[in-house]
**Q** 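Shown below is the structure under consideration.
Both ligands and their constituent atoms are indexed starting at 1 by order of listing.
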Amino acid sequence: MSVERTLCILKPDCVRKNLQGEVLSRIQKAGFKVLGLKQIRLTKEEAGAFYAVHKGKPFYNGLVEFMTSGPCVPVALQKENAVADYRALIGATDPKDAEPGTIRKLFADNKGENIVHGSDSPENGKIEVAFFFPESELI
Ligand code: DAT
Ligand code: MG
């Protein structure tokens, strides 16, 4: 196992529900180190670019709409085996399919509004952290 970076985004539903601290606390208790964190409001262009891999899918426009609907909180995380461990902690994309005790099972309303983002590979973890944080903002 090696030290990896993974990008968490506390999505607009998480911020609207005032769950930023609750969710981040669970992430920190699971051993993740917070390298960087900020609250931003994504533009349509930024959200579209971040989710470019999903362009053309039926949920793409709704996803961009949701991600720009209010502020969100990107969090750069680091840990041994961060990508897989973080995905296990948040649970499946659809909270209906998520394991009991996972962040999405506990807090998400549906597949579209699912509280948190997580990177899907160590390579994408690096790329997605860099999407939001210049190296100078990572400590
Ligand atoms: P994940 O966020 O678990 O990596 P993903 O990469 O497949 O899931 O999709 C990115 C986001 O897009 C997901 O968090 C919520 C939204 N999404 C995916 N599939 C969807 C669907 N069938 N209906 C509505 N939203 C969906
Ligand atoms: Mg994904």
Side-chain angles (χ1 to χ4, degrees):
M1 276 198 288
S2 55
V3 175
E4 296 168 355
R5 286 180 177 182
T6 192
L7 182 77
C8 158
I9 305 175
L10 305 174
K11 292 183 177 182
D13 56 336
C14 182
V15 175
R16 268 194 289 277
K17 291 174 168 178
N18 250 331
L19 288 171
Q20 305 97 311
E22 170 72 47
V23 171
L24 193 57
S25 168
R26 286 168 187 270
I27 292 167
Q28 291 180 288
K29 281 178 187 145
F32 292 85
K33 184 174 169 191
V34 174
L35 299 184
L37 174 154
K38 57 188 164 192
Q39 178 164 265
I40 59 169
R41 175 102 184 235
L42 286 171
T43 64
K44 291 237 164 354
E45 291 67 32
E46 288 166 337
F50 183 75
Y51 282 114
V53 63
H54 295 301
K55 202 167 177 165
K57 293 183 187 168
F59 60 85
Y60 178 76
N61 288 342
L63 176 60
V64 171
E65 193 72 34
F66 167 59
M67 289 302 292
T68 57
S69 67
C72 67
V73 180
V75 187
L77 298 172
Q78 185 168 288
K79 185 182 167 307
E80 286 264 331
N81 204 40
V83 170
D85 286 358
Y86 176 81
R87 291 205 70 102
L89 179 68
I90 67 174
T93 307
D94 189 335
K96 287 205 288 282
D97 304 328
E99 293 294 326
T102 58
I103 287 170
R104 283 168 164 170
K105 185 60 145 195
L106 287 167
F107 302 118
D109 289 337
N110 57 64
K111 193 173 189 177
E113 307 203 354
N114 60 6
I115 298 286
V116 280
H117 170 79
S119 307
D120 62 6
S121 69
E123 296 69 37
N124 283 335
K126 272 190 241 170
I127 292 167
E128 291 181 354
V129 164
F131 186 94
F132 289 102
F133 299 95
E135 203 57 38
S136 62
E137 289 182 16
L138 297 169
I139 299 172

**Q** When you measure from atom 15 (C) of ligand 1 to every protein heavy atom, which one gives the shortest distance, and what is it?
**A**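 Here the nearest protein heavy atom works out to K111 O, 3.2 Å.
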**Q** For the residue pair F132 and F50, categorise the inter-ring angle as parallel (less than 30°), tilted (30 to 60°) or perpendicular (more than 60°).
**A**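 It falls in the tilted class, 30° to 60°.
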**Q** Flag the pair K17 and E22 as a salt bridge only when some basic side-chain nitrogen lies within less than 4.0 angstrom of an acidic carboxylate oxygen.
**A**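 So K17 does not pair with E22 through a salt bridge.
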**Q** Any heavy-atom pair between the side chains of K79 and Y86 that's under 4.5 Å?
**A**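 Not in contact.
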**Q** Among protein heavy atoms, which sits nearest to atom 9 (O) of ligand 1, and what does the distance come to when rounded to 0.1 Å?
**A**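 Going atom by atom, the protein heavy atom closest to atom 9 (O) of ligand 1 ends up being H54 NE2, 3.4 Å.
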**Q** List the closest protein heavy-atom neighbour of atom 4 (O) of ligand 1: residue, atom name, distance to the nearest 0.1 Å.
**A**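 Looking at atom 4 (O) of ligand 1, the protein heavy atom closest to it is R87 NH2, 3.0 Å.
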**Q** Applying the side chain to side chain contact (heavy atoms under 4.5 Å, CB included) test to R5, which of N124, I127, L77, L35 qualifies?
**A**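 Considering N124, I127, L77, L35, a side chain to side chain contact (heavy atoms under 4.5 Å, CB included) with R5 is found only for L35.
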**Q** I'd like to know whether ligand 1 has K11 as a neighbour, heavy-atom separation below 4.0 Å.
**A**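 Distance cut 4.0 Å: K11 passes for ligand 1.
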**Q** Can you list the ligand 1 atoms lying under 4.0 Å from a non-hydrogen atom of N114?
**A**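 What qualifies from ligand 1 is 13 (C), 14 (O), 15 (C).
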**Q** Can you tell me the protein heavy atom closest to atom 23 (N) of ligand 1 and the distance?
**A**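 Looking only at protein heavy atoms, the one closest to atom 23 (N) of ligand 1 is F59 CB, 3.8 Å.
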**Q** Can you tell me the protein heavy atom closest to atom 2 (O) of ligand 1 and the distance?
**A**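 Answer for atom 2 (O) of ligand 1: R104 NH2, 3.1 Å.
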**Q** Between the candidates T93, V64, N110, which shows the shortest non-hydrogen contact distance to atom 8 (O) of ligand 1?
**A**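 Residue with the shortest heavy-atom distance to the ligand atom: T93.
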**Q** Has N114 got a side-chain atom pairing as donor or acceptor with A108's backbone, closer than 3.5 angstrom?
**A**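 No: the side chain of N114 does not pair with the backbone of A108.
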**Q** Is it the case that the side chain of E4 and the backbone of A82 share a donor-acceptor pair, with hydrogens and angles ignored and the cut-off at 3.5 Å?
**A**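 Yes, the answer is positive, given that a donor and an acceptor are paired below the 3.5 Å cut-off.
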